[in-house]
Number of protein chains: 2
Amino acid sequence: MSRLSRDDVIEAAGRLFAKQGYHATSMRDLGGELGILGGSVYAHVSSKEELLVEVVQRAGRLFGESAEQAMSSSEHPEDQLKALIRGHIGVVLDHRDEAQTFLNEATALGESNRQAIVGERDTYEALFRSVIADGITEGAFRSDLDANLAATFVLSILNAIERWYRPDGRVDPASLTNDLHRFAISGIS
Amino acid sequence: MSRLSRDDVIEAAGRLFAKQGYHATSMRDLGGELGILGGSVYAHVSSKEELLVEVVQRAGRLFGESAEQAMSSSEHPEDQLKALIRGHIGVVLDHRDEAQTFLNEATALGESNRQAIVGERDTYEALFRSVIADGITEGAFRSDLDANLAATFVLSILNAIERWYRPDGRVDPASLTNDLHRFAISGIS
DNA sequence: AAGAGTAACAAACGATCGTTTGCTATCGGG
DNA sequence: CCCGATAGCAAACGATCGTTTGTTACTCTT
């Protein structure tokens, strides 16, 4: 066993936070996952909360970069929406642990750290709202449904994926993106 | 201050579990919420987990009764789906704390209790799947979208409501039901 | 090859956790 | 009206929590 890096520790923390939750994970649990003692983790970080901050910030940055890339991929709201959906699914599936911790354990952050993350998240979600609002004004989407509510619905579906998707299942990411986009655009009828 | 009933204790537990999570809520917290000491709670229940079981079972029963009523309200899949949606929203909004605990803290249950709840939930979700599948075979819904996936999408939206809905906001329950049903049926275009 | 830096250990710190015990005071049924 | 039942208190139990300390042993730099 070679010595561990700070990244190794953060990655293992994300794994445990995603599986058991922040409060149900002790520093001794984390040490066990890494093959060291609980107290030895403090050679790499200065507190347990710092681990949570690091994991959540990492996921936040991934979502932000994904959104930035999606918005610059096209000028048309419908294509932008599909790119946003594809990007979100990609982040969730490629970085399950960080995404899961980001979505479920942000409430365990201290006040100031939590507000910073909530701010990031609001910015991200506002992109979905504005893309859908643009689609309505351009006539690409129908105009009798509130854009904010529609964006909330789409984001609800996206954020729930980590709760049911299994990488070894029969739903592959590409068809999931297609089906979700089609559902968002046309519903079930 | 009169003496407390077992229901008072369970209700307060649901309030704290919903707000702070199960692991972040101590028996002394719960005692403080009730105006008694932490140890005094054991005059009403025999363990902390029993409180969680009680709260989660209560929510499970509410969802089950709501589904039963919705299914018997009509023979047509589209009306049944709308009734299921209306009922689910009603349970979430009328019993926020229990519903929130049911949705977010079930993972904190011990193995056997958790499996029982997961079973209940699977039965409930299967209703949505079968209603949508029926709607497809009857021609009420389009046939090129997987019924299981569509049900998952609708349930994702329903289960996320407790995360963003504020009772003092500008979205009232009836229009939320209508908008969600319309979104599910027709999408955003 | 020597020395600086540090990952990890072993052990303990005070705080808090869920829970138990012995007791007091209050309440409802005969 | 009295007496058994019990809600709640005060205090403590052992376990575990996040964190700190002092030390050892390894690794990298020069």
Side-chain angles (χ1 to χ4, degrees), chain A residues 1-57 97 101 104-114, chain B residues 1-57 97 101 104-114:
Chain A
M1 281 290 191
S2 71
R3 305 171 103 186
L4 299 169
S5 71
R6 181 179 154 94
D7 269 4
D8 293 331
V9 176
I10 294 170
E11 184 189 314
R15 221 176 307 142
L16 294 187
F17 292 165
K19 189 187 304 173
Q20 318 174 355
Y22 177 75
H23 286 112
T25 300
S26 70
M27 294 301 270
R28 289 167 180 86
D29 283 343
L30 179 54
E33 177 85 4
L34 292 162
I36 61 178
L37 296 182
S40 304
V41 176
Y42 288 87
H44 302 277
V45 294
S46 65
S47 75
K48 188 187 176 188
E49 173 150 11
E50 183 182 323
L51 283 167
L52 182 57
V53 169
E54 207 78 36
V55 172
V56 166
Q57 273 182 355
D97 297 331
T101 303
N104 298 324
E105 305 298 328
T107 58
L109 287 167
E111 190 61 29
S112 65
N113 283 321
R114 196 181 69 242
Chain B
M1 279 295 190
S2 71
R3 305 170 105 186
L4 299 169
S5 72
R6 182 179 152 94
D7 268 6
D8 293 331
V9 177
I10 294 170
E11 184 190 314
R15 221 176 308 143
L16 294 188
F17 292 165
K19 190 186 305 175
Q20 317 173 358
Y22 177 75
H23 286 112
T25 301
S26 71
M27 294 301 268
R28 289 167 180 85
D29 283 342
L30 178 54
E33 177 85 2
L34 292 161
I36 61 178
L37 294 183
S40 304
V41 176
Y42 287 88
H44 302 278
V45 294
S46 67
S47 74
K48 188 187 176 188
E49 172 150 13
E50 184 182 322
L51 285 167
L52 181 57
V53 169
E54 207 77 38
V55 173
V56 167
Q57 274 182 354
D97 296 331
T101 303
N104 298 324
E105 305 298 327
T107 58
L109 286 167
E111 190 61 29
S112 65
N113 283 323
R114 195 181 69 240

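Chain identifiers are assigned alphabetically (A, B, ...) following the order of the sequence lines, protein sequences preceding nucleic acid strands; residue numbering begins at 1 within each chain.
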| said: For a quick test of reading the model, state the closest non-hydrogen atom pair linking A:Thr101 to A:Val56 and the distance between them. | reply: CG2-CG2, 4.1 Å
| query | How would you list all residue pairs meeting side chain to side chain donor-acceptor pair (under 3.5 Å) that involve residues 30-46 of chain B, not counting sequence neighbours? | reply | B:Arg15-B:Glu33, B:Ser46-B:Glu50
| said: Under the rule for salt bridge (Lys or Arg N to Asp or Glu O under 4.0 Å), what residues qualify as partners of A:Glu105, not counting sequence neighbours? | reply: none
Listing, residues 106-114 of chain A side-chain donor-acceptor contacts under 3.5 Å, not counting sequence neighbours, or none:
unit_1, atom_1, unit_2, atom_2, d
A:Glu111, OE1, A:Arg114, NH1, 3.4
A:Glu111, OE1, A:Arg114, NH2, 3.0
A:Glu111, OE2, A:Arg114, NH2, 3.3
A:Glu111, OE2, A:Gln115, NE2, 3.3
A:Asn113, ND2, A:Glu49, OE2, 3.4

| query | So which pairs with a foot in residues 3-31 of chain B pass ring-ring contact (aromatic ring centres under 6.0 Å, His included), sequence neighbours left out? | reply | B:Phe17-B:Tyr22
| request: Could you pull out all residues at least two apart from B:Gln57 that satisfy side chain to side chain donor-acceptor pair (under 3.5 Å)? | output: none
| Does any residue of residues 17-28 of chain B have a heavy atom under 4.0 Å from DNA chain C, and if so, which ones, in number order? | B:Thr25, B:Ser26, B:Met27, B:Arg28
| Any residue meeting salt bridge (Lys or Arg N to Asp or Glu O under 4.0 Å) with A:Asp7, in chain and number order, not counting sequence neighbours | A:Arg58
| Between A:Leu51 and A:Val9, what is the shortest heavy-atom contact and its length? | CD2-CG1, 3.9 Å
| said: Just to verify, what does A:Asp8 make a side-chain contact (heavy atoms from CB on, under 4.5 Å) with, not counting sequence neighbours? | reply: A:Leu4, A:Ser5
| query | Taking protein heavy atoms under 4.0 Å as touching, what does nucleotides 2-10 of chain D look like 5' to 3' if B marks base contact, S marks sugar-phosphate-only contact and - marks none? | reply | ----BBSBB
| B:Ser46 or B:Asp29: which one's nearest nucleotide on DNA chain C is closer to the 5' end? | B:Asp29
| said: With a strict under 4.0 Å distance from non-hydrogen atoms of chain A, what nucleotide opens and what nucleotide closes the contacted stretch of DNA chain C, reading 5' to 3'? | reply: C:dT6 to C:dA12
| query | Which residues satisfy the side chain to side chain donor-acceptor pair (under 3.5 Å) test with B:Asp97, sequence neighbours excluded? | reply | none
